[in-house]
J.: 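Sharing a structure, written as structure tokens. Questions coming.
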Amino acid sequence: MGKDSIKLIANNKKAYFDYFIEQTYEAGIALHGTEVKSLRMGKCSVKEAFIRIENGEVFIYGMHISPYEKGNIFNKDPLRVRKLLLHDYEIHKMSGQVQAVGYTIVPLRVYLKGSLVKVEIGLARGKKLYDKRQEIAKKDQRREAEKDFKVKNLY
């Protein structure tokens, strides 16, 4: 595995459906040993996770990392709060956007970059119901077009 090779562990598709993602950041995450082993096996979920900035530090809540089978007493709570590692200027920029403009911060995906576990987080603006309906209509149109294209190519 190379230094820049990326292996996806968890993806948050619902975030793209519920929010307009304005900007993305790559953050490290503070983990304990057995959590890293569990992540390498792909046992992670960020569907219900959310991110808060508290006292100039960024924390992720609700990220579920399944306990490592062979970890016994070294396993931590699967839903514990974990600290995200970002530069100070990124944290200040995000906290200003969240307070002033009304953005929220959501986890988009968790992946291995080389030997490091990274979390891609997005500065997001919530979608209204009509935005979601438009998105569903676009997907349906795209699906229909692909279906027609496939049918035409068969004959």
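In this text the structure is predicted, and so the values were computed from the model without any measurement.
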J.: How about Pro67 and Thr34: do any of their side-chain heavy atoms sit closer than 4.5 Å?
T.: no
J.: Quick check for you: to the nearest 0.5 Å, what is the distance between Arg109 atom CZ and Glu26 atom CD?
T.: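 Between Arg109 CZ and Glu26 CD, I get 8.0 Å after rounding to 0.5 Å.
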J.: Looking only at heavy atoms, what is the nearest atom pair of Ala27 and Leu84, with distance?
T.: CB-CB, 4.2 Å
J.: Taking all non-hydrogen atoms of both residues, which atom of Ala10 and which atom of Cys44 are closest, and how far apart?
T.: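 The pair with the smallest heavy-atom distance is CB-O, 3.8 Å.
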J.: Closest heavy-atom contact between Val46 and Asn12?
T.: O-ND2, 3.3 Å
J.: Following the transitive rule for hydrophobic clusters with a side-chain heavy-atom cut-off under 4.5 Å over Ile, Leu, Val, Met, Phe, Trp and Tyr, establish whether Leu31 and Val110 coincide in one cluster.
T.: yes
J.: What is the minimum heavy-atom distance between Tyr19 and Gly126, and which atoms define it?
T.: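 It is CD2-CA, 3.7 Å.
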J.: What is the distance from atom CD of Gln97 to atom OG1 of Thr104, rounded to the nearest 0.5 Å?
T.: 12.5 Å
J.: Give the minimum heavy-atom separation between Ala15 and Ile21, together with the two atoms involved.
T.: O-CD1, 4.3 Å
J.: Say whether Leu39 and Leu112 are linked into one hydrophobic cluster, either directly or through other cluster members, by side-chain heavy-atom distances under 4.5 angstrom.
T.: yes
J.: Linking I/L/V/M/F/W/Y whenever their side-chain heavy atoms sit closer than 4.5 Å, directly or via other members, would Val36 and Ile65 fall into one cluster?
T.: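 In one cluster: yes.
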J.: Is there side-chain contact between Ile91 and Ile53, with heavy atoms separated by less than 4.5 Å?
T.: yes
J.: Within the 4.5 Å heavy-atom criterion, are Val58 and Glu90 side-chain neighbours or not?
T.: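 Heavy-atom side-chain distance check fails, nothing below 4.5 Å.
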J.: Find out whether Ile60 and Ile121 are in side-chain contact, i.e. whether some heavy atom of one side chain is under 4.5 Å from a heavy atom of the other.
T.: no
J.: Would you mind reporting whether Val106 and Asp18 have side-chain heavy atoms less than 4.5 Å apart?
T.: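 Side chain of Asp18 against side chain of Val106, heavy atoms only: no contact under 4.5 Å found.
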J.: Which distance, rounded to the nearest 0.5 Å, do you find between the CG of Asn11 and the CD of Glu120?
T.: 9.0 Å
J.: Consider side-chain hydrogen bond (donor to acceptor under 3.5 Å, both in side chains). Of Arg82, Lys43, Arg40, which one does Glu35 pass it with?
T.: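 Of all the options given, the one that passes is Arg82.
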J.: Return the minimal non-hydrogen interatomic distance between Val119 and Pro107, and the atom names on each side.
T.: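 So the two residues come closest at CG1-CB, 4.4 Å.
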J.: To the nearest 0.5 angstrom, please state how far the CZ atom of Arg80 sits from the CE atom of Met63.
T.: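 It comes to 9.5 Å.
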J.: Do the side chains of Leu123 and Lys93 get nearer than 4.5 Å, heavy atoms only?
T.: no
J.: For residues Lys14 and Lys47, determine if any side-chain heavy atom of one lies less than 4.5 Å from a side-chain heavy atom of the other.
T.: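 SC-SC contact between Lys14 and Lys47 ruled out.
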J.: Give, for atom CD1 of Ile51 and atom CE of Met94, the distance between the pair rounded to the nearest 0.5 Å.
T.: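 The CE atom of Met94 is 7.5 Å from CD1 of Ile51, to the nearest 0.5 Å.
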J.: Hey, does Tyr25 have a side-chain heavy atom less than 4.5 Å from the side chain of His87?
T.: no
